Number of protein chains: 2
Amino acid sequence: MTKDRVTVIDIARAAGVSKSTVSLVLQASPLVNEVTRAKVNAVIRDLGYVYNRGAANLRQSNSKSKIIGIVVNDLTNSFFAELAVGVDMVVQSAGYVQFLANTAESVDRQREVIASMREHGISGLILSPARGTDANDLKPLVASGIPVVNVVRQVAGAKVSSLVSDNHAGMRDAVRHLAGLGHHRIAFLGGFPDTAVFNERLQGYRDALSDMDLALHDELVVSSAPSRAGGVAAIERALMLRERPTAAVCFNDAVAFGVCDGLRAHRLDPGEDFAVIGFDDVIEAQTAVPALTTISVDPQGMGRRAAQLLLKQINAGRADAEAIVSSVRLVVRQSCGAAIDKRERLSLL
Amino acid sequence: MTKDRVTVIDIARAAGVSKSTVSLVLQASPLVNEVTRAKVNAVIRDLGYVYNRGAANLRQSNSKSKIIGIVVNDLTNSFFAELAVGVDMVVQSAGYVQFLANTAESVDRQREVIASMREHGISGLILSPARGTDANDLKPLVASGIPVVNVVRQVAGAKVSSLVSDNHAGMRDAVRHLAGLGHHRIAFLGGFPDTAVFNERLQGYRDALSDMDLALHDELVVSSAPSRAGGVAAIERALMLRERPTAAVCFNDAVAFGVCDGLRAHRLDPGEDFAVIGFDDVIEAQTAVPALTTISVDPQGMGRRAAQLLLKQINAGRADAEAIVSSVRLVVRQSCGAAIDKRERLSLL
DNA sequence: CAAAATAATTGGAACGTTCCAATTTTGTCA
DNA sequence: TGACAAAATTGGAACGTTCCAATTATTTTG
């Protein structure tokens with residue numbers, strides 16, 4: 001149908017100028033005369049020219065490619081979908097386009113996709129590392145000067161920037177809140193124990209218990225897959241204890257929703273008979289019934305900040321690693337049974 | 001730190017062969033002797049060479065770029081996140097990498113990102129078009145011979161392949177099922193009326209009502225945003241009718257969850273006091289309480305099939321448009337109150 | 001063992017752009 | 001108007017790869 005692709009030479013010929021001039025107008029250089037610019041632009045439109053970034057990138061010093069990569073460990077988790085949306089927003093309006101890949105927690109897949117992205121000349125990478133990612137996996141990337149921003153999870157020993165949420169403080173606040181409501185037996189439900197995130201959150205849980213002079217019972221810590229199904233399983237186990245907990249902090253919101261499901265299956269009303277607190281504040285948390293009390297990390301905002309950090313490093317040319325821990329706040333809704341607070345407060349008016 | 005990037009010439013020099021030979025081994029050509037191949041591969045590893053696809057693509061006839069684009073209208077909707085995961089799977093194992101962009105229903109953004117992807121030389125595009133997308137928006141793409149597969153939504157008049165689910169049949173089956181359970185006043189809740197998907201589903205609803213000799217009441221059709229919040233709003237409105245519905249089919253699962261939330265807020269038990277059916281069968285549908293009866297479209301499978309179709313067209317070189325409507329099935333769970341069926345069936349044993 | 005056939009390797013042109021240095025055009029001023 | 005400065009334009013080399021035709025090395029065969 002259409003002939004060969006139209007190049008800068010074609011439009012030079014058609015506009016009666018040299019290819020250099022065309023190149024200049026493509027880069028909006030101030031060197032070119034207004035009337036020539038207009039003429040060239042007109043021809044560009046007429047011929048339906050499309051810029052070949054590959055060719056341009058070949059000539060230009062490497063990595064002004066206007067491509068960044070984002071690889072996440074579980075895109076089916078809406079936390080990461082939100083994160084990707086946040087990244088997409090800032091990246092898009094900076095004229096970049098993003099490669100997105102899902103590793104499903106496989107380091108092999110992760111290695112492959114990162115290699116592939118590198119071949120395509122990404123100028124930066126946002127990475128939520130798969131479980132078991134080693135600092136060596138990132139070595140070649142940073143050696144070649146490509147900025148990397150780790151999100152959500154750190155990689156020990158990797159000299160790259162990171163943006164994680166304050167897991168310790170978040171969980172501490174959650175537990176303190178429950179203790180303040182009078183709960184003594186508070187469970188910690190869900191998550192895989194071999195991850196840094198899990199351990200940070202667990203430490204927050206422990207520290208809060210000791211702050212509040214509550215005993216730490218190991219059987220109240222029940223790990224599971226960090227998913228809705230995992231939440232069901234975890235509360236299941238917790239309810240089988242001789243001495244049941246009366247409240248739970250959960251590894252994340254997905255687990256918390258599962259916990260609510262499991263409670264209902266036992267004819268317990270989450271928020272009334274049992275207090276539940278999540279972590280993440282995914283979008284459904286506010287509309288669910290009961291609305292989920294949770295630690296808000298604003299995944300979309302986190303994506304935006306990660307992207308901004310990455311773009312900054314790309315533009316700076318030099319990427320000195322900075323570790324940002326993003327502060328986090330407790331959002332009290334119905335699922336922790338503290339709605340009474342609100343009623344009381346209202347009655348004071 | 002590192003010097004300039006290592007090229008095919010560097011490794012040719014180091015291996016004592018010509019760049020042509022190196023190129024040959026890169027493409028795993030059978031023309032090259034085993035021992036040379038081994039030597040070259042060793043050097044490649046040693047020097048940490050990374051293939052420059054941009055350069056390769058420049059020389060090769062256009063669009064063996066190993067990049068495909070996927071642009072969706074709402075990535076925060078887990079349906080699309082799942083879809084993207086499905087695409088990612090097949091695309092990844094075919095050695096491709098995907099650009100992913102979210103348009104948030106903006107045709108302007110959509111135009112921009114598609115243009116940008118084109119500049120980067122995608123060899124194919126999977127598109128869930130933003131509302132209001134015109135066939136002209138896709139014209140330049142198909143004119144330049146880039147295969148496009150529309151998913152979820154069609155674009156009238158565009159000569160591109162499409163893969164949509166059987167909206168009409170799905171909704172018809174849902175309504176028939178409810179009618180079969182004895183419901184007479186069945187509402188249709190959620191969705192924007194100016195979309196093709198909405199109208200197909202609505203038509204299925206209407207046809208089923210007339211099949212089952214039920215009256216069609218306009219006030220039982222309540223549109224809203226196709227989201228959880230929209231579902232809350234829609235059931236809210238439906239419950240204010242003098243003559244309330246006793247069951248509802250929902251535009252999608254997000255709406256259905258919202259409807260359940262809204263019902264509970266009115267102290268109605270979804271699945272007991274009111275039957276609810278969704279559409280999509282997102283991953284949470286089976287674990288929610290009550291488990292959601294819904295029309296299963298298997299978004300991940302849809303993503304996989306879309307990707308396969310696209311890859312087929314890319315490889316074929318020629319992309320003759322084919323329109324696939326993906327069949328769909330009713331998955332009966334608790335939310336429609338038909339769990340009794342199961343009990344009855346069991347008691348027959 | 002020479003000739004022919006086959007296997008393996010190679011140099012150079014090409015892909016579409018940018019950049020540099022050089023050139024041409026236009027404008028200014030004494 | 002001539003000299004000079006400033007503005008605008010330009011040709012060609014370079015980026016890292018692939019492809020083609022041509023060359024060289026190795027085998028086979030009569």
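Remember, it's a predicted structure, so these values are computed and weren't measured experimentally.
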All N/O contacts under 3.5 Å from nucleotides 22-26 of chain C to the protein, with atom names and distances to one decimal?
none

Starting from C1' on C:dG16, measure out to CZ on A:Arg13 and report it in whole angstrom.
13 Å
Tell me, please, which residues at least two apart from B:Thr36 pass side-chain hydrogen bond (donor to acceptor under 3.5 Å, both in side chains).
none
Without hydrogens or angle criteria, can the side chains of A:Glu112 and A:Ser116 be said to hold a donor-acceptor pair below 3.5 Å?
no
Side chain of B:Arg59, base of D:dT17: donor and acceptor closer than 3.5 Å?
no
Test of understanding: with side-chain hydrogen bond (donor to acceptor under 3.5 Å, both in side chains), list the residues that count as partners of B:Asp134, not counting sequence neighbours.
B:Asn136
What pairs of nitrogen or oxygen atoms, one from the protein and one from nucleotides 23-26 of chain D, lie under 3.5 Å apart?
none

Measure the angle between the two terminal helix axes of the helix from C:dC1-D:dG30 to C:dA30-D:dT1, five base pairs each, and quote it to 10°.
40°
Any pair counted as ring pair (Phe, Tyr, Trp, His ring centres under 6.0 Å), so long as it reaches residues 127-151 of chain B, sequence neighbours left out
none
Not counting sequence neighbours, list each pair that qualifies as a salt bridge (charged side-chain N to carboxylate O under 4.0 Å, His left out) and has a residue in residues 82-108 of chain A.
A:Glu105-A:Arg153, A:Asp108-A:Arg111
Output the rounded distance in Å from CG (A:Leu26) to C1' (D:dT9).
15 Å
For C:dA14, take OP1 and OP2 only and decide whether either is under 4.0 Å from a side-chain N or O of B:Gln60.
no
For the pair made of CD1 in B:Ile9 and C1' in C:dG12, what is the distance, rounded to whole Å?
11 Å
Under the ring pair (Phe, Tyr, Trp, His ring centres under 6.0 Å) test, which residues partner A:Phe99, sequence neighbours left out?
A:His120, B:Phe99
Does any donor atom in the side chain of B:Ser106 or B:Gln110 lie under 3.5 Å from an acceptor atom in the other side chain?
no
Would you give me the side-chain donor-acceptor pairs under 3.5 Å for residues 303-314 of chain A, sequence neighbours excluded?
from	atom 1	to	atom 2	distance (Å)
A:Arg305	NH2	A:Ser326	OG	2.6
A:Lys312	NZ	A:Glu322	OE2	3.0
A:Gln313	NE2	A:Ser161	OG	2.7

If I take atom OG from residue A:Ser128 and atom CG from residue A:Asn102, how far apart are they, to the nearest 0.5 angstrom?
10.0 Å
Are OP1 or OP2 of C:dT17 and a side-chain N or O of A:Gln27 less than 4.0 angstrom apart?
no
For the pair made of NE2 in A:His120 and C1' in D:dT17, what is the distance, rounded to whole Å?
14 Å
Give every pair of a protein N or O atom and an N or O atom of nucleotides 4-11 of chain C that lie under 3.5 Å apart, one pair per line with the distance.
from	atom 1	to	atom 2	distance (Å)
C:dT9	OP1	B:Thr36	OG1	2.8
C:dT9	OP2	B:Asn33	N	3.1
C:dT9	OP2	B:Thr36	OG1	3.4
C:dT10	OP2	B:Ser18	N	2.7
C:dT10	OP2	B:Ser18	OG	3.2
C:dT10	OP2	B:Thr21	OG1	2.7
C:dG11	N7	B:Ser20	OG	2.9
C:dG11	O6	B:Ser20	OG	2.8

Measure CZ/A:Arg118 against P/D:dG16 and give the value in whole Å, please.
15 Å
Whole-Å gap separating C1' (C:dT18) and OH (A:Tyr51)
8 Å
With sequence neighbours left out, what residues match A:Thr21 under side-chain hydrogen bond (donor to acceptor under 3.5 Å, both in side chains)?
A:Ser18
Would B:Val87 and B:Leu100 count as a side-chain contact (heavy atoms from CB on, under 4.5 Å) here? Give the steps.
CA-CA 10 Å; B:Val87 171; B:Leu100 185 278; over 6 Å; no
Going by the rule salt bridge (charged side-chain N to carboxylate O under 4.0 Å, His left out), which residues pair with B:Asp194 if we only count those two or more places apart in sequence or in a different chain?
B:Arg131
Quick one: are A:Glu119 and B:Val97 in side-chain contact, heavy atoms under 4.5 Å?
no
What's the CZ-C1' distance between A:Arg5 and C:dT17, to the nearest Å?
11 Å
Short side-chain to backbone donor-acceptor contact, B:Gln154 and B:Leu163, under 3.5 Å
no
Here the distance between atom C1' of D:dC19 and atom CG of B:Leu58, to the nearest Å, is 13 Å
